Each structure stands twice: as C-alpha cells, then as structure tokens.
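Values in this document were obtained by computation on a predicted structure and should not be read as measured data.
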Amino acid sequence: MRLEDQVVVVTGGGGGLGEGIALCLAKAGAHVVVSDIKQDLAENVAAKVRDSGRKALAIQTDVRRADECQSLIDTALKEMDRLDILVCSAGVSGTSEMPTQDEPMAIENLTEEAWDLTIDVNMKGVFLCNRAVIPHFKKEKKGKIVNISSVAGRKGSAMLPFYSASKAGVINFTQSVATQLAPYHINVNTVCPGIIWTPMWAEGIKRMIEFVPEFKGMNPEQAFNIMAQTSIPFQKPQTTE
C-alpha cells in the first residue's frame, strides 16, 4: 500500500497498458481517475478499481484537446480533493490511417492523416496533460508525472516511423520537463514499455500482416509471437501489469 489514499489520473486508462497501470496503482492503495476517449471503457475500468476497494472516477477525455485535458485535471481535483500523480498512457499506433498500397510504411507513401493523428495523440496529448497539471503540482511543491513512451522511441522503426517519432518526442519532452520541475520537488519520468499484447497491438498487427512479407498467412497472435521471439532475449512478451 505504498500509495495509500493518493489520487492518480491515468489517461488512456480504459484498456490495454492504461488499464493495467490503473489496476496496479489501485492495488498499491491509490484512488484512480480513469480517463479515456471512450466513456464506456473508462467506466468499466473504474468499476474494477472500486471492486478492489479503492475510489474511482471515469472521465471521457480526448487528449488532443486542451480544454478537455484541463477539464480532466480540474474535475479530478474537485471530485477527489487532491491529485498526486499523473500517468499519460493514452496512445495510438497510427495504423488505422495507413495507406493501402504496397509499401505503406515507405516514407513517400505515408499520409499526413497518419502522421497528424499519431503525433497529436502520442506527443501533443502528453504535452497538454502535463501542462494542465503542472500549476497544481507547483503550488503543492510536490507531485509525480509518468509519461509512457516506448522502446520504439529509443530506436527508429522501419515498420512504424511516425509512431517511433512520436515516442522519441515523449522521451525528449519528459527530460525537458523534469529539468524544469526539479526545483519544485516534482518527479517527471518516462517509461519505455516493450512488446505487450494490447488492443492497440491487436489492431496494428492486423495491418502489419498485410504488408510485412514474413507475416503473410499468419493470424495476429502468431505474428505477435514472432515479433516477441525475435526482438526479446527471453522470447516472451511483457504483460500490462
């Protein structure tokens, strides 16, 4: 119960990695504000948090919108009376906006729609949520921010160049914010998860099967396992927890 009675906001908390984070934080004693662009998903995870004996609040948020990010923080403070930690986990792979022709990941074939969606959610969303919570943390002279990046942010990926770029931006932005906020005793860190089976991965791997030759004829689970076996020394993926 290291986080007993602390209040945490988790963006993208309605499923996948965000859900795992929310439930682990609840297990550690925190009360959780579950934010997601889909209200029903946020409500579902909030119910699980309550079942564990902790308080929970579900808030629909599009992290691409500054007003909604600010409303998320303001509502969390109003309803929960305090806010100690922000976890920015909302993200997309961008694969839903990929072109359908051959070599969709070739730079000359990338669409502005795929680029804009991925950068707006993965990087701008982190900026907007960080910006919204910082005045409160400065006033309190304490607080913690955890921005979720990816191993893809530490090394470019031929398969997902726009995703890699967005996650690299999160790493660099986090380092900048950490430096600014250290005098206020506010911790700011990035976590770079590896390969984890989530709804985002399930969606993305279906598209990869269409254009990655070595995945041809495989089902999503088979392709995912191949990626885990070839890129992870232990040859098995992580879990959300």
Under a 4.0 Å threshold between the charged nitrogen and the carboxylate oxygen, would Lys38 count as salt-bridged to Asp40?
no
Under 3.5 Å, is there a donor-acceptor pair between the Asn189 and Asn147 side chains?
no
Checking side-chain polar atoms at under 3.5 Å, does Asp74 have a donor or acceptor matched by the opposite partner on Gln70?
yes
Before you tell me yes or no, could you show the steps for Phe162 and Leu110 under side-chain contact (heavy atoms from CB on, under 4.5 Å), namely the whole-Å CA-CA distance, both residues' side-chain angles and the distance that decides it to 0.1 Å?
CA-CA 9 Å; Phe162 43 80; Leu110 289 181; 3.6 Å; yes
Tell me, do [X] and [Y] make a side-chain contact under 4.5 Å, heavy atoms counted?
X: Lys124; Y: Ile119; value: no
X: Asp84; Y: Phe137; value: no
X: Ile195; Y: Phe224; value: yes
X: Glu221; Y: Trp197; value: yes
X: Arg54; Y: Glu4; value: yes
X: His136; Y: Leu77; value: yes
X: Ile196; Y: Pro237; value: no
X: Phe173; Y: Asn130; value: yes

Do other residues, nucleotides or ligands put more than 12 heavy atoms under 6.0 Å from the CD atom of Glu112?
no
When you look at CD of Glu241, are more than 12 heavy atoms from neighbouring residues, nucleotides or ligands closer to it than 6.0 Å?
yes
For the student: nearest non-hydrogen atoms of [X] and [Y], plus distance:
X: Gln6; Y: Arg82; answer: CG-NH2, 4.0 Å
X: Ile85; Y: Val87; answer: CG2-CG2, 4.1 Å
X: Ser149; Y: Ile171; answer: OG-CG1, 3.3 Å
X: Thr179; Y: Pro183; answer: O-CD, 3.7 Å
X: Ile59; Y: Ala76; answer: CD1-N, 4.4 Å
X: Cys69; Y: Cys129; answer: SG-SG, 3.6 Å

Is it true that a side-chain atom of [X] and a backbone atom of [Y] form a donor plus acceptor pair closer than 3.5 Å?
X: Ser150; Y: Cys192; result: no
X: Asp36; Y: Gly14; result: yes
X: Ser71; Y: Asp67; result: no
X: Gln222; Y: Asn219; result: yes
X: Gln238; Y: Gly194; result: yes
X: Asn187; Y: Lys144; result: no

Following the transitive rule for hydrophobic clusters with a side-chain heavy-atom cut-off under 4.5 Å over Ile, Leu, Val, Met, Phe, Trp and Tyr, establish whether [X] and [Y] coincide in one cluster.
X: Phe127; Y: Val133; answer: yes
X: Ile232; Y: Ile226; answer: yes
X: Leu41; Y: Val8; answer: no
X: Val7; Y: Leu3; answer: no

Under the side-chain contact (heavy atoms from CB on, under 4.5 Å) test against Val121, which residue among Thr11, Val92, Ile37 passes?
Val92
So among Val146, Val10, Ile134, Val9, which one has a side-chain contact (heavy atoms from CB on, under 4.5 Å) with Leu86?
Val9
Pairs of donor and acceptor atoms involving the side chains of residues 18-34, under 3.5 Å and at least two apart or interchain, shall be tabulated with distances.
| from | atom 1 | to | atom 2 | distance (Å) |
| --- | --- | --- | --- | --- |
| Glu19 | OE2 | Lys48 | NZ | 2.6 |
| His31 | ND1 | Lys55 | N | 3.0 |
| His31 | NE2 | Asp5 | OD1 | 3.0 |

Could you state the interatomic distance from [atom1] ([X]) to [atom2] ([Y]), rounded to the nearest 0.5 Å?
X: Lys78; Y: Thr75; atom1: NZ; atom2: OG1; answer: 7.5 Å
X: Leu72; Y: Thr61; atom1: CG; atom2: OG1; answer: 4.0 Å
X: Asn44; Y: Gln39; atom1: CG; atom2: CD; answer: 11.5 Å
X: Leu128; Y: Met123; atom1: CG; atom2: CE; answer: 11.5 Å
X: Ser166; Y: Asp120; atom1: OG; atom2: CG; answer: 10.5 Å

Show me the pairs that pass salt bridge (Lys or Arg N to Asp or Glu O under 4.0 Å) and involve residues 125-143, at least two apart or across chains.
none
Pair Ile148-Cys88, side-chain contact (heavy atoms from CB on, under 4.5 Å): steps then yes or no:
CA-CA 6 Å; Ile148 303 300; Cys88 291; 6.0 Å; no
The salt bridge (Lys or Arg N to Asp or Glu O under 4.0 Å) partners of Asp62 (sequence neighbours excluded) come to Arg64
